[in-house]
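Beneath this line is the structure, given in structure tokens, with notes to follow.
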Number of protein chains: 2
Amino acid sequence: MSTSQDGKRSTAKKPRPRRRARHSLSREMILEAAETIAVRDGLDGLTFQALGKELEAHPTSIYRHFRDKDELVLELIDSLRAGSYGGQLEATDSWREDLRVMARHIHDHYLRYPQFALQMAARTTRRPAEFKNVEFALDALVRAGLPPEEATSTMRVFGNVIRALSSMESGLHALDDNTRRGDALAWEVEYRSLSPEAYPRIASMSDHLTSIGDPHVFDQAVEMLLDAVETRVAVLSASTS
Amino acid sequence: MSTSQDGKRSTAKKPRPRRRARHSLSREMILEAAETIAVRDGLDGLTFQALGKELEAHPTSIYRHFRDKDELVLELIDSLRAGSYGGQLEATDSWREDLRVMARHIHDHYLRYPQFALQMAARTTRRPAEFKNVEFALDALVRAGLPPEEATSTMRVFGNVIRALSSMESGLHALDDNTRRGDALAWEVEYRSLSPEAYPRIASMSDHLTSIGDPHVFDQAVEMLLDAVETRVAVLSASTS
DNA sequence: GAAGCAAGTCATCGCCATTGACTATAAGGT
DNA sequence: ACCTTATAGTCAATGGCGATGACTTGCTTC
């Protein structure tokens, strides 16, 4: 049992060890290998050939488990999301802090997988992890003092802004270095050298201009939205009293 | 004039008419053809072969004008942007209205080219159209009453949120119909049938839940940001008086 | 009108996703 | 214990993609 069969597969210097065992492949294993490759080489490196090599299986074997590459990628995105922002959200007595924490949570998840960010943002998952987030955000907004209708629409705005911003910031990280450097430099150099006549505001404030990828933008956006909620609540309670 | 030379090229039923004239190709012509193809068939349809057919030239001729496909696509994006939100922004006496109009302007541009939206959002253009927008937004925020530092960072937040949200909404339109329908239905059906015990907030508010692609989200996000600016200005003027 | 070179062409490369035919193998009935 | 059968894994082939390098043609310049 150990000499013949095991030997064929594990010692394999370079030639393919005949054939894999019958049920030695599964959706889970393939997704795992896909994540390894995607994290290491980026989404472009995720090819059937690469998968085949990573799994020590024939590239087309994957077609027995996934209809096509799209199905594989979508499922991979789902599994990443499930693994990343699972359940550890817990409400405190500050709705503001709760929403802030959730935002940062999601933001970090997107930044962890820059290659997928663009495709992740627009898709609905319909899985427990997502339900939990929605419930959590709704609860916080109701505790803040918003009536049901406004809580739902505000939740949608808050969630979409968070995902969209995170996705964009993350997508920036996925650009190649030269491109990114050029874009960042543009804000530091080109904007400073614009004529004060044509662009008076830019000229007078160019010292404060930061690049498009400034990570502080996300935090400020979150705070501004939270401020808006607070103001709205104050207006509502004033009008009812 | 009409028989020999003209006949060869214009009547061309199917065979290639020998060879194109020496300077009959240019960056502009190629970009124009690329836009035609991309708008008609989507970004995936934009291949060198398709370009060759559209231009009635050999596919590889394009390499004499663009180093590679990436250069072509980036330039195409730039030219679309320049053509779309050109100069017609004009300041009124309401900074709020000005920023609102600008937001809608950019939003519409992104929705016009869903195929490009994802790649457009994260890139800096460094062209007059962009300078003009930045100048316009900065001016509006200063008129609103923000000090220079806050005006610049707020401008960045405002711009990024607008572009990111537009890009996401637009990217949604680029999804295939089945996927989009399934995602939209999830919010109407699946979220309504979640157990009230596990998800009390969702259960009690499910009537108000709208899909992730709700176009109203963009408008509300803009209003919330503008509200936050207004509140901030009020706080600042209160503390200085 | 000859020379020279840039612009257009062509054959070809290597990589990709996907398919249909095949083949070994594990499970299950007898 | 055997034989059958469905099926997971394999393989060769297809067609499309971006890209390259050698070539050839026709415009320009002297």
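Reminder, nothing fancy here: chain letters follow the sequence lines and each chain counts from 1.
Going from atom NZ of B:Lys53 over to atom P of C:dT9 covers 16 Å, rounded to whole Å. C:dA17 atom P lies 6 Å from atom CZ of A:Phe48, rounded to whole Å. One can place CG of B:Asp68 at 14 Å from C1' of D:dC17, the figure rounded to the nearest angstrom. Residue B:Asp70 contributes atom CG, which lies 13 Å from atom C1' of D:dA19 at whole-angstrom precision. Distance, A:Asp44 CG to C:dG14 P: 21 Å, rounded to whole Å. The nearest whole Å value for the distance from the CG atom in A:Leu55 to the P atom in D:dA8 is 16 Å. Nucleotide D:dT7 holds its C1' atom 13 Å from the CG atom of A:Leu25, rounded to whole Å. Summarising the geometry, the separation between CZ on A:Arg27 and C1' on D:dA8 is reported as 15 Å, rounded to the nearest angstrom.
For A:Gln49, the listed nucleotide lying nearest its side chain is C:dC16; candidates were D:dT10, D:dG18, C:dC16. When the nucleotides C:dG8, D:dG9, D:dG18 are ranked by their closest atom to the side chain of B:Tyr63, D:dG18 comes out on top. Relative to the side chain of B:Arg64, the nucleotides D:dA19, D:dA22, C:dT19 differ in distance, and D:dA22 lies closest. When each of C:dC10, C:dA26, C:dT18 is scored by its nearest atom to the side-chain atoms of B:Thr60, the top-ranked nucleotide is C:dC10.
Listed pair A:His23 / C:dA27 fails the phosphate criterion, with no side-chain N or O lying under 4.0 Å from OP1 or OP2. The side chain of A:Ser61 contributes an N or O atom lying less than 4.0 Å from OP1 or OP2 of D:dT10. Contact between the side-chain N/O atoms of A:His58 and the OP1/OP2 oxygens of D:dA8 is not found at any separation under 4.0 Å.
Judged by distance alone, with hydrogens and angles left aside, A:Arg19 brings no side-chain donor or acceptor close enough to the base of C:dT25 to form a pair under 3.5 Å.
Remark: the backbone N or O of B:Glu71 is paired with a side-chain donor or acceptor of B:Asp68 at under 3.5 angstrom.
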### Task
Run the numbers on B:Tyr191 and B:Tyr199 for ring-ring contact (aromatic ring centres under 6.0 Å, His included), then give the verdict.
CA-CA 10 Å; B:Tyr191 272 78; B:Tyr199 305 102; 8.4 Å; no
### Task
Before giving the answer on salt bridge (Lys or Arg N to Asp or Glu O under 4.0 Å), spell out for A:Asp219 and A:Arg100 the whole-Å C-alpha distance, their side-chain angles and the decisive distance to 0.1 Å.
CA-CA 9 Å; A:Asp219 296 322; A:Arg100 223 193 315 258; over 6 Å; no
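Contact check on A:Arg112 versus A:Asp108 returns no salt bridge, with no Lys/Arg side-chain nitrogen under 4.0 Å from an Asp/Glu carboxylate oxygen.
Looking at heavy-atom distances under 4.0 Å, B:Thr47 makes contact with sugar-phosphate atoms alone, never a base.
For B:Arg163 and B:Tyr110, the positive end is not near the middle of the six-membered ring at less than 6.0 Å and at most 45° from its axis.
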